[in-house]
A.B. asks: 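I am attaching a structure below and will ask some questions about it afterwards.
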Amino acid sequence: MVERISPLGEAFRPGTYGNLVDGPGVTLTEATPAAIAEASAFPGSAEALLGAIETVTGLSLPATPGAGAVGGDAAAFAIGPGRHLVAGAEGLSASLQAAVALDIGTVTDLSHGRAALRIAGPRAEWVLAKLFALDFSPAAFPLSEGRATAHHDIFAHIQRTGGEQFDIYVFRSFARAFWEEICAAAAETGYEVR
Amino acid sequence: MLIPCPHCGPRDLSEFSYQGDATRTRPDPASTDMKAWHDYVYNRPNPAGPHREYWQHAGGCRTHLLVTRDTLTHEVQAVAFARAALNDGAGKP
Ligand SMILES: [Zn+2]
């Protein structure tokens, strides 16, 4: 197995930064899971694909736009009609590939192609709202749901993985630049890197 | 301009790529009718008013959409998935 190193490199510097008058408003961490896969259904097979995802991860996903689920060791959410990002433990992609029959859809292993950055804390929605033209309020973006969007040319798949926590999946080669972007956006609220 | 994507909801224009006039019909690929091909490739009615056009939600769910847009006001009058089968039961409940 090829060992992955963090794409954040020297840009990842644990500590507290920015405006700390009220303490750090957000915590920033790298949350890249061992395995990331995109599971896509062929036309008419969206429900069957959701069944295969549930078989492998135990996550039950409604067939509605943006729907997602967060479990103990896996998370999944819709990134398009019949298309899902699935994240989890080592071996997840192979298990999904085995569970998704050839006539149902495809599974693409993205473990080495994406990085997940996590922002958590009382000001997380505020900081993200600076970067993306999305409504991050809990009413519009409930727990476990996902969104596919972009920050200029950096595509981002975002899932709310906690009450005040979001995981942002970006192309690995953009991860360091985007990490620095988040840090700059969070300077106003103060942030802790850990 | 906002385009209400059937999967993602209303999103900024910057997330979309224009994919061309949706009123054209391609001639039979075996056709050698030069006028028909010329019209298909080059001639556009360029209406001042409602226009059917394809957009891709490239910075989002990546689907292709069929949009009816008023070229005078940029009002988006209708949006659907270009792949018709996706429109059954589409959208958030
Ligand atoms: Zn969309």
Side-chain angles (χ1 to χ4, degrees), chain A residues 38-50 61-68 77-85 105-106 108 110 128-137 139-142 144-159 168-171 174 178, chain B residues 1-26 29 51-93:
Chain A
E38 180 176 327
S40 302
F42 290 131
S45 296
E47 295 281 353
L49 182 75
L50 290 175
L61 290 168
T64 49
F77 56 99
I79 55 173
R83 294 172 49 230
H84 304 271
L85 199 77
T106 60
T108 308
L110 302 173
L128 289 177
K130 295 182 182 189
L131 301 171
F132 301 101
L134 286 183
D135 186 347
F136 286 96
S137 69
F141 197 155
S144 80
E145 284 208 354
R147 300 285 182 271
T149 184
H151 176 66
H152 295 277
D153 285 328
I154 299 181
F155 297 121
H157 292 147
I158 307 173
Q159 184 177 32
I168 307 164
Y169 295 82
V170 294
F171 291 149
F174 288 153
F178 189 69
Chain B
M1 186 171 115
L2 295 175
I3 297 178
C5 171
H7 183 84
C8 305
R11 294 293 181 90
D12 187 75
L13 173 64
S14 64
E15 292 192 358
F16 298 85
S17 314
Y18 185 63
Q19 297 286 313
D21 187 333
T23 64
R24 301 177 292 158
T25 41
R26 191 175 67 173
H51 188 228
R52 279 161 55 86
E53 47 200 29
Y54 292 117
W55 289 80
Q56 187 191 12
H57 193 186
C61 65
R62 303 200 62 80
T63 56
H64 287 80
L65 306 176
L66 181 55
V67 175
T68 306
R69 177 182 66 99
D70 190 310
T71 60
L72 293 176
T73 62
H74 294 309
E75 180 195 358
V76 174
Q77 296 163 330
V79 184
F81 291 115
R83 190 198 288 168
L86 285 178
N87 292 311
D88 301 333
K92 286 181 85 74

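Reminder, nothing fancy here: chain letters follow the sequence lines and each chain counts from 1.
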A.B. asks: Could you list which of residues 55-67 of chain B have a heavy atom closer than 4.5 Å to any heavy atom of chain A, in residue-number order?
C.D. replies: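 The list, in residue order, reads B:A58, B:G59, B:G60, B:C61, B:R62, B:T63.
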
A.B. asks: Checking heavy atoms, do the side chain of A:I154, its backbone, both or neither come under 4.5 Å from chain B?
C.D. replies: neither

A.B. asks: Check whether any side-chain heavy atom of A:L110 lies under 4.5 Å from a side-chain heavy atom of A:Y169, and answer yes or no.
C.D. replies: no

A.B. asks: Would a 4.5 Å heavy-atom cut-off, applied to side chains only, mark A:L134 and B:R11 as touching?
C.D. replies: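 When only atoms from C-beta onward are counted, B:R11 and A:L134 do touch, with a gap below 4.5 Å.
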
A.B. asks: Does the side chain of B:H7 reach to within under 4.5 Å of the side chain of B:L86, using non-hydrogen atoms?
C.D. replies: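 Contact flag for B:H7/B:L86 side chains = no.
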
A.B. asks: Do A:F132 and A:H151 touch side chain to side chain, with heavy atoms closer than 4.5 Å?
C.D. replies: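 SC-SC contact between A:F132 and A:H151 confirmed.
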
A.B. asks: Indicate the atoms forming the closest heavy-atom contact of A:A140 with A:R147, along with that distance.
C.D. replies: O-NH2, 2.7 Å

A.B. asks: Quick check for you: among A:P81, A:A133, A:A78, which has the greatest number of heavy-atom pairs under 4.5 Å with chain B?
C.D. replies: A:P81

A.B. asks: How about A:F178 and A:L131: do any of their side-chain heavy atoms sit closer than 4.5 Å?
C.D. replies: yes

A.B. asks: Indicate the atoms forming the closest heavy-atom contact of A:F155 with A:A150, along with that distance.
C.D. replies: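 Shortest heavy-atom contact: CD2-CB, 3.9 Å.
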
